[in-house]
Amino acid sequence: MDVKLGRVVITGAAGGIGRTVRSGLREESDHLVLVDTEDIEPDGDGETAVKAGVGDRDALREAFGGADAVVHLAGTAEEASLDELIDANVRGTLNVLEAARRAEVPRVVLLSSSRVTGNYPIHHHVFPDEPPRPDGLNGVTRVAEEALGQLYADTFGLQVVALRAGSFGERPTETRHLATWLSPRDCVGFVRAALTAPNVNFVAAYAVSGNARRFWDLSVGESELGYRPADDAARYAGDFPDDDPFWHGGPQGGAAAGAEAILPHLEE
Ligand SMILES: NC(=O)c1ccc[n+]([C@@H]2O[C@H](COP(=O)([O-])OP(=O)(O)OC[C@H]3O[C@@H](n4cnc5c(N)ncnc54)[C@H](O)[C@@H]3O)[C@@H](O)[C@H]2O)c1
């Protein structure tokens, strides 16, 4: 398929997903604007690097000028204090959405997280429109991030796609990933689909490979974004013991869910 993506801004472009999305979309984009607090070396005339944080609204507005879309990846996947998470995941997202509105960028793709529903039990197959059950404070801020996306879609007509990413990596590295793995190829596939799908107002969809053991429903990604994942963690099943206690029950978020993970951050 011949995809034309135009001028695309990527925030958090120096991170793991950012580097993968950057190289995956490079050929299809007219120009990539790479925003991060880390240094990035632009690769020729087709890229511009902007060293800035998503707390810097003026820098964002300037970086977003003339863009066709923003892929917002700057954020934290770790559990932390609510203050830190609100800055990284909520204020940062609001600044990105507001800069997009002011710069008249039509579409924003938000990298949300499956942590939005990480407290559903492993035997529950979750659809994206089920009530949130965040598995920690990070998940709570992802609920807020998605709500901001919905607000901007409803109020200002911004086209917003929130991708609830599973566990991104070259390959699964723990048994839980047999359900939650998001391969680099599928990550790029979901982002490309989120950038190109027609008739988007607001869409929240899980971004996970087509893992046989997955917890999350993929039908919204297929019907609204037109993407069906290509990879399946099942081919790595032999790397992990069949009788791992994780599969006996408990929250989908695994070790990141539960009191032990949250308590240290409530006591700060
Ligand atoms: N990797 C995963 O499995 C996974 C799963 C679910 C959600 N996510 C989310 O997807 C996004 C990208 O994930 P990743 O794995 O590439 O993360 P990462 O930590 O590898 O990269 C994040 C990048 O964002 C940059 N950054 C952080 N704060 C910033 C700020 N205030 N302004 C500008 N840049 C900033 C960092 O310098 C880094 O380059 C994150 O929001 C993450 O929480 C990731």
Side-chain angles (χ1 to χ4, degrees), residues 3-15 17-37 40 42 45-75 88-112 142 144-165 187-205 207 221 224-227:
V3 188
K4 287 282 171 249
L5 300 177
R7 185 179 179 91
V8 179
V9 181
I10 303 175
T11 73
I17 293 180
R19 292 193 302 275
T20 298
V21 168
R22 173 186 176 188
S23 65
L25 301 183
R26 182 68 209 86
E27 292 299 312
E28 300 148 48
S29 311
D30 292 334
H31 199 88
L32 291 178
V33 180
L34 308 166
V35 179
D36 206 294
T37 47
I40 296 178
D45 292 342
E47 293 186 341
T48 303
V50 176
K51 187 168 181 173
V54 290
D56 185 342
R57 296 177 196 184
D58 292 339
L60 290 183
R61 212 169 140 186
E62 201 178 320
F64 289 10
D68 297 290
V70 174
V71 180
H72 175 43
L73 306 175
N89 296 343
V90 183
R91 286 206 180 86
T93 298
L94 177 60
N95 290 341
V96 164
L97 292 166
E98 181 56 11
R101 181 185 76 80
R102 288 176 186 242
E104 300 183 1
V105 180
R107 186 168 299 199
V108 175
V109 178
L110 304 174
L111 251 285
S112 178
R142 298 307 183 157
E145 175 173 351
E146 291 189 10
L148 284 169
Q150 178 84 68
L151 176 71
Y152 267 71
D154 287 341
T155 310
F156 302 114
L158 192 70
Q159 301 162 23
V160 180
V161 179
L163 294 175
R164 293 180 181 173
C187 182
V188 173
F190 273 109
V191 172
R192 181 189 293 112
L195 289 170
T196 54
N199 307 318
V200 165
N201 173 238
F202 175 82
V203 177
E224 303 293 319
L225 306 178
Y227 187 69

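Quick caveat, the model's predicted, so the values are computed rather than measured.
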Inter-residue atom distance F202.CZ - L158.CG, 0.5 Å rounding: 11.0 Å
For the student: nearest non-hydrogen atoms of V105 and F64, plus distance: CG2-O, 3.6 Å
Worked check of side-chain contact (heavy atoms from CB on, under 4.5 Å) between L94 and V90: CA-CA 6 Å; L94 177 60; V90 183; 5.8 Å; no
Spacing of E28 atom CD and L195 atom CG [to the nearest 0.5 Å]: 9.5 Å
For S29 against V8, the heavy-atom pair lying closest together: OG-CG2, 4.3 Å
By salt bridge (charged side-chain N to carboxylate O under 4.0 Å, His left out) - contacts of R26 (at least two apart): E47
S112 side chain to A162 backbone, donor-acceptor under 3.5 Å: no
Residue pair V50 / E62, side-chain heavy-atom distance below 4.5 Å: no
Value rounded to 0.5 Å, distance of NE2 in H72 from CG in N89: 7.5 Å
N/O donor-acceptor pair under 3.5 Å between R192 side chain and L5 backbone: no
Least distance between heavy atoms, A193 atom then L225 atom: CB-O, 3.5 Å
Expected output: side-chain D36 to main-chain A13 donor-acceptor under 3.5 Å: yes
Inter- and intrachain pairs under salt bridge (charged side-chain N to carboxylate O under 4.0 Å, His left out), touching residues 145-165, at least two apart: R142-E145, E146-R164
L32 CG to L25 CG distance, which is reported to the nearest 0.5 Å: 7.0 Å
Euclidean distance, L148 CG relative to L110 CG, rounded to 0.5 Å: 8.5 Å
Heavy-atom pair of closest approach, residues A100 and V108: CB-CG2, 3.6 Å
Atom CZ of R57 with >12 non-hydrogen neighbours under 6.0 angstrom: no
Listed partners of R102 passing salt bridge (charged side-chain N to carboxylate O under 4.0 Å, His left out), at least two apart: E98
Minimum-distance pair of heavy atoms, taken over all atoms of V33 and R7: CG2-NH2, 3.7 Å
Pairwise distance CD(Q159) to CG(N199) - rounded to 0.5 angstrom: 9.0 Å
Residue pair G18 / L73: nearest heavy atoms and the distance that separates them: CA-CD1, 3.4 Å
